[in-house]
Amino acid sequence: GAAIVRGRVVAADTGMPLPRAAVILSSREPRESRTTTTDAQGRYEFRDLAPGRYNSSASKAGYVRMAYGRTPAFESGQSIELFTENDVREQVDFRMLRAGVITGRVTDDFGESVPEARISVLRHEFIAGLRRLAPFGRSAQTNDLGEFRLYGLPPGHYYLGVTTNYTPTYYPGTVRAAEAQLIAVAGGQEVSNIAISLLPVRASRVSGTAVDANGRPMSGAAVMAMESFAGTLAGQVRSDGSFTVTGLGPGEYMIRVSQRLGDAQEVAIASVSINGEDVTDLALIAQKPASVRGRIVFDNAGPADRLTISVDALRVQALRASPEESVAIGISTGRVDTEGVFEVSAPPGPTILRFAMLPKGWQLKAVRLNGLDVTDAGLDLQSDQALDDVELVISNLLSEVSGMVTDRGNQLVSDYSVVIYPEDRRQWHFQSRYLTRSRPDETGRFRVTSLPPGKYLATAVDFLGPGEEMDPEFLQRAVARATRFSLLEGETRTLDLRLQTLP
């Protein structure tokens, strides 16, 4: 190919060119990755590119790494489409934000410096539907004076966590992640003199035994201790079935052990409360999985349409709608044969069936058990149950919702996020088929396909954190100013949305 992509990299605050900035251009199809640097005028160019969809990013010391088309540093970028070998894409520009810095000092309970302590920058993210603290960007280690410097931070609000031989401590000096305080960082700002005082709280441990449904030790199985706010710690079951998980601070934990038996999975779960003491003799007994068997059914598709999809390449997933149970149980995956017959094994409990991925142009229309639609209600699986006669109905009659967004002055905006969600609040969960988010393409238009028929709300905002569309509190704040619309099967709708600033 001979297609070209070129543009400039400039500072967002001054508009001045940024020389020697690194620009990366990559694509999955065609599989390609290239890197170049900008010249004295901040210009760069990629030549001899094959047609395809590309992503691009730019980085430079002292600035926030940015993806093309992304103003908020935590948002996803826009793709660059090259349709022919002769395409020339101009003005693929980057306006880079100056990075912030946090500096400070870590001391112990006597006020003495703590060298070689690991400092992590943390942010709230919605992971599998749960609001959790997750590491962001670089970590640092204190020097001999207990001092640290964290750099390259986009404008935003952050938590700091300190890891030593004791229980992890959060700024300004608490072992409870829920009591940590935020630090605000503006673009290019250095927030200094952050003092973190460690508490001499011994980390707790949880120990016990884990056996499978037949009473045999789950040797080699992974043991996870999951705290709803802070994160996950892990251990492993020994050959005699015993296990120990260490390094636990105060909090409420879900202890999970799982073991795979071919495509099946045995899982055991228990809840424990940690408050500075060890938990011993915890007995985890796994249950036998259930088996779900059925077939793929085509709807609104003729013989020619069916030739566009290979059913034996599909993967059926059994999962939980509840965020807590989804994290604890995980996802079970089953295969489909050439006749469209599938089988998946899953731990007992409330379970919904979905596809890992459907080819472009297809969507899941319904899940039926003995003719009853259980797409969203799910299945209540029992231990060692064998469930047959399940139909997974797929269709190539897709809906589409697209549109543009304007600001208060009725001017079109090109940098925003749209959340489309159902009026029915029972479907406000992270596995919902009715809930999605979208970013604009290069023309400023958003586009969403494959939503089921129903009544919806749509909200456009200037910034949306990772996974925040799954947050019921965010959705509740957005309801009052949302645009309402209904959608029929296969219908195409165009929306004109107003950019919102939510309370």
Side-chain angles (χ1 to χ4, degrees), residues 12 53 55 66-81 83 89-93 95 126 360-363 365 395-430 432-503:
R53 176 174 291 184
N55 293 311
M66 301 290 287
Y68 170 64
R70 182 178 69 174
T71 297
F74 308 108
E75 288 276 17
S76 59
Q78 295 174 358
S79 60
I80 302 164
E81 288 275 5
F83 296 100
R89 290 299 316 279
E90 306 274 4
Q91 297 180 330
V92 181
D93 299 336
R95 297 180 59 83
F126 279 83
K360 185 177 181 181
W362 293 89
Q363 69 175 357
K365 180 177 180 179
S395 171
N396 61 355
L397 184 60
L398 274 58
S399 63
E400 179 178 308
V401 179
S402 64
M404 306 290 281
V405 175
T406 56
D407 59 20
R408 292 183 179 179
N410 290 324
Q411 298 297 309
L412 289 174
V413 294
S414 58
D415 192 6
Y416 59 85
S417 288
V418 167
V419 180
I420 296 179
Y421 49 109
E423 285 191 0
D424 185 353
R425 302 185 185 206
R426 293 173 298 180
Q427 294 298 329
W428 287 8
H429 59 80
F430 86 109
S432 177
R433 300 183 299 144
Y434 302 83
L435 197 160
T436 189
R437 68 186 287 173
S438 178
R439 291 273 291 161
D441 61 19
E442 295 174 89
T443 68
R445 176 173 290 273
F446 70 89
R447 180 173 177 267
V448 171
T449 61
S450 305
L451 286 170
K455 295 182 178 180
Y456 288 91
L457 302 157
T459 298
V461 292
D462 56 359
F463 172 73
L464 194 67
E468 195 174 358
E469 74 277 7
M470 306 174 196
D471 181 9
E473 293 183 6
F474 164 79
L475 298 177
Q476 179 59 46
R477 294 198 309 271
V479 165
R481 302 176 185 177
T483 297
R484 298 175 182 268
F485 69 97
S486 60
L487 191 64
L488 301 176
E489 183 180 12
E491 184 179 11
T492 298
R493 291 293 304 264
T494 301
L495 302 178
D496 294 319
L497 302 180
R498 180 64 57 86
L499 193 68
Q500 301 293 337
T501 301
L502 300 181

Any side-chain heavy atom of [X] sitting closer than 4.5 Å to one from [Y]?
{"X": "Asp424", "Y": "Tyr434", "value": "no"}
{"X": "Val461", "Y": "Glu469", "value": "no"}
{"X": "Val401", "Y": "Tyr456", "value": "no"}
{"X": "Glu400", "Y": "Thr494", "value": "no"}
{"X": "Pro453", "Y": "Leu488", "value": "no"}

Practice problem: Applying side-chain contact (heavy atoms from CB on, under 4.5 Å), run through Phe485 and Leu495 and close with a yes or a no. | Solution: CA-CA 9 Å; Phe485 69 97; Leu495 302 178; 3.7 Å; yes
Distance in Å, [X] [atom1] paired with [Y] [atom2], rounded so as to fall on 0.5 Å steps:
{"X": "Ser432", "Y": "Arg425", "atom1": "OG", "atom2": "CZ", "value": "14.0 Å"}
{"X": "Glu491", "Y": "Leu451", "atom1": "CD", "atom2": "CG", "value": "11.5 Å"}
{"X": "Gln78", "Y": "Asp441", "atom1": "CD", "atom2": "CG", "value": "7.0 Å"}
{"X": "Gln427", "Y": "Leu475", "atom1": "CD", "atom2": "CG", "value": "12.5 Å"}
{"X": "Leu497", "Y": "Arg481", "atom1": "CG", "atom2": "CZ", "value": "14.5 Å"}
{"X": "Leu457", "Y": "Trp428", "atom1": "CG", "atom2": "CH2", "value": "7.0 Å"}

Self-check item: side-chain contact (heavy atoms from CB on, under 4.5 Å) evaluation trace for Glu489 with Lys365
Solution: CA-CA 9 Å; Glu489 183 180 12; Lys365 180 177 180 179; 3.3 Å; yes
Practice problem: Show your working on salt bridge (charged side-chain N to carboxylate O under 4.0 Å, His left out) between Arg437 and Glu468 and close with a plain yes or no. | Solution: CA-CA 10 Å; Arg437 68 186 287 173; Glu468 195 174 358; over 6 Å; no
Quiz item: Can you name the nearest heavy-atom pair linking Leu398 to Gly361, along with the distance?
Solution: CD1-O, 3.2 Å
Practice problem: Over all heavy atoms of both residues, which pair between Ser414 and Pro440 is shortest? Give the atoms and the distance, please. | Solution: O-CG, 3.2 Å
Quiz item: Can you tell me if Thr459 and Tyr421 form a side-chain donor-acceptor pair at under 3.5 Å?
Solution: yes
Exercise. Check whether the side chains of Arg433 and Gln363 place a donor and an acceptor atom closer than 3.5 Å, and report yes or no.
Key: no
Quiz item: Take atom CZ in Arg498; do more than 12 heavy atoms of anything else shown fall under 6.0 Å from it?
Solution: yes
Exercise. Give a yes or no on this: more than 12 heavy atoms of other residues, nucleotides or ligands lie within 6.0 Å of atom CD of Glu90.
Key: yes
Exercise. Before giving the answer on salt bridge (charged side-chain N to carboxylate O under 4.0 Å, His left out), spell out for Lys455 and Glu423 the whole-Å C-alpha distance, their side-chain angles and the decisive distance to 0.1 Å.
Key: CA-CA 6 Å; Lys455 295 182 178 180; Glu423 285 191 0; 5.3 Å; no
Quiz item: Step by step, would you call Tyr416 with Asp462 a side-chain contact (heavy atoms from CB on, under 4.5 Å)?
Solution: CA-CA 4 Å; Tyr416 59 85; Asp462 56 359; 5.7 Å; no
Self-check item: Pair Ser399-Arg493, side-chain contact (heavy atoms from CB on, under 4.5 Å): steps then yes or no
Solution: CA-CA 8 Å; Ser399 63; Arg493 291 293 304 264; over 6 Å; no
